[in-house]
Amino acid sequence: MIASPGRVNIIGEHIDYNNGAVFPAAIDKYVVCGIQKTDQDECSILALDKKELIHFNLTQLAKFPTGHWANYIIGVINELHQKGLSIAPVEIVFSGNIPMGAGLSSSAALENAIVFGLNELFQLHLSKTDMVQISMHAEHHFAGVQCGIMDQFASMFGKKDHAILLNCHDLSFEEVPILLDNHKLVLINSNVKHEHVDSAYNERRRQSEEGFSVLQCKFPELKGLCLASINQLKAIQEEISPIVYKRCQFAIQENARVLAAKAALTKKDWKALGELLTASHRGLQHLYEVSCPEIDFLVEQAILHPGVLGSRMMGGGFGGCTINLVESDQINDFVDMLQSIYLKQFGQSTDHYMINITDGTKMIDL
Ligand code: GLA
């Protein structure tokens with residue numbers, strides 16, 4: 001069996017695909033998956049939680065409708081084929097407890113579980129980095145989301161009690177101990193997922209790439225949007241639209257916040273760390289425009305609470321979870337307060353998750 005975790009991201013949102021630095025960690029919520037060879041001509045996959053069984057032939061890898069879980073699995077197999085790595089028919093069964101659509105990367109966990117399991121079963125000799133890239137490309141080509149590499153990387157490379165400071169430019173990374181003293185990271189799930197999230201995500205990526213291509217004409221030595229300075233961005237302001245300018249401004253500022261957050265964490269400066277989280281949210285809300293009213297409400301209310309040092313939306317946006325830095329003895333009060341005020345405002349409840357930071361994708365014995 002393979003266990004593959006979801007992830008949180010402490011800070012560094014929407015900059016993995018702009019060669020920025022991000023700060024995610026694998027969490028103790030998993031996709032668990034069994035894979036074995038079969039004599040049948042077809043592959044079969046049983047999604048236990050959905051109670052759905054599908055069959056397909058390895059010579060005819062077709063996409064399922066957008067959003068269907070099968071795309072993450074068949075997408076991985078398709079990437080293996082593209083690399084000239086052949087597998088024989090398999091039976092797969094999987095289940096999990098990562099809430100879907102909450103921004104905790106259940107899809108990256110599933111992709112990683114599949115590529116990890118197939119790598120073991122067929123002795124494909126893929127490195128962890130190869131597997132992460134296969135998972136990411138499966139998302140691009142089968143699920144239709146032009147995501148960066150953060151989710152798959154965090155899920156695969158996670159380390160217990162450490163966050164990963166990942167430099168997406170060259171995939172170098174540092175494992176940073178997460179020792180928060182008398183604080184905890186608390187996730188609040190808004191339980192909303194707005195429509196057209198994937199196309200809005202892809203549009204943000206296009207806009208920031210557009211800004212970068214103009215920057216690169218003027219500064220050919222630049223290796224990524226996040227590696228530019230605000231002064232360099234100002235130098236091309238007249239050549240790009242105000243929207244593209246805002247997207248680029250966010251990316252450059254967010255990258256600086258990630259590095260500052262790592263420094264704050266190392267110095268145990270919880271106040272500074274909290275302020276960086278909230279500043280990240282402001283950028284995502286006003287410059288990158290990937291938040292939504294429900295999430296903005298949760299952040300506004302959170303930072304009014306005396307036990308909360310900082311709060312922000314987490315993941316791709318337009319719904320999902322907020323991540324909050326909270327004093328441990330105030331957590332119950334904080335969670336109850338948000339629950340009732342959110343219910344009153346939006347007529348639906350929040351969920352909250354206390355997470356532990358855990359190891360990445362691995363084989364387990366049941
Ligand atoms: C999604 C993507 C990631 C990343 C985040 C935003 O989770 O899969 O690659 O871009 O959004 O930080």
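In each ligand, atom 1 is the first atom listed, and ligand 1 is the first ligand listed. Just so it is clear, the structure is predicted and the values come from calculations on it, not from any experiment.
Between C147 and ligand 1, not a single N/O pair is under 3.5 Å apart. Residue contacts with ligand 1: Y17 is placed with no nitrogen or oxygen under 3.5 Å of a nitrogen or oxygen of the ligand (distance criterion only).
Close approach of ligand 1 to Y201 is summarised as follows: ligand atoms under 4.0 Å from at least one heavy atom of the residue are 1 (C), 2 (C), 3 (C), 4 (C), 9 (O), 10 (O), 11 (O). Near G148, meaning under 4.0 Å from one of its heavy atoms, ligand 1 places the atoms 9 (O). Residue R7 has at least one heavy-atom neighbour below 4.0 Å for each of these atoms of ligand 1: 7 (O). Taking every non-hydrogen atom of G315 and a distance limit under 4.0 Å, the qualifying atoms of ligand 1 come out as 6 (C), 11 (O).
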Apply the test side-chain hydrogen bond (donor to acceptor under 3.5 Å, both in side chains) to residues D28 and T358: give CA-CA distance (whole Å), side-chain angles for both, the deciding distance (0.1 Å), then the verdict. CA-CA 6 Å; D28 58 344; T358 181; over 6 Å; no
Check against side chain to side chain contact (heavy atoms under 4.5 Å, CB included), I77 and L118: CA-CA 9 Å; I77 296 174; L118 293 174; 4.0 Å; yes
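The shortest separation from a heavy atom of M314 to ligand 1 is not under 4.0 Å, leaving the residue out of contact.
Taking the charged nitrogens against the carboxylate oxygens, E79 and K83 have no contact shorter than 4.0 Å, which rules out a salt bridge. Looking at E289 and R247, a side-chain N of the basic residue comes within less than 4.0 Å of a carboxylate O on the acidic one, giving a salt bridge. The pair R257-E254 meets the salt-bridge criterion, since a charged nitrogen lies less than 4.0 angstrom from a carboxylate oxygen.
Scanning all heavy atoms of the two residues, the minimum distance from M156 to V132 falls at CB-CG2, 3.5 Å.
In Q152, neither the side chain nor the backbone holds a heavy atom less than 4.0 Å from any atom of ligand 1.
Here the shortest heavy-atom distance to atom 1 (C) of ligand 1, taken over V145, L284, D151, V197, belongs to D151. Residue D16 holds the heavy atom nearest to atom 4 (C) of ligand 1 of all those in D16, N9, I11. The residue from M150, R204, M313 that puts a heavy atom closest to atom 5 (C) of ligand 1 is M150.
Each of D151, N112, N9 was evaluated against S105; a single residue qualifies, D151, per the side-chain hydrogen bond (donor to acceptor under 3.5 Å, both in side chains) test. Each of M314, Q285, H281, E300 was checked for a side-chain contact (heavy atoms from CB on, under 4.5 Å) with I295, and the lone residue meeting it is H281.
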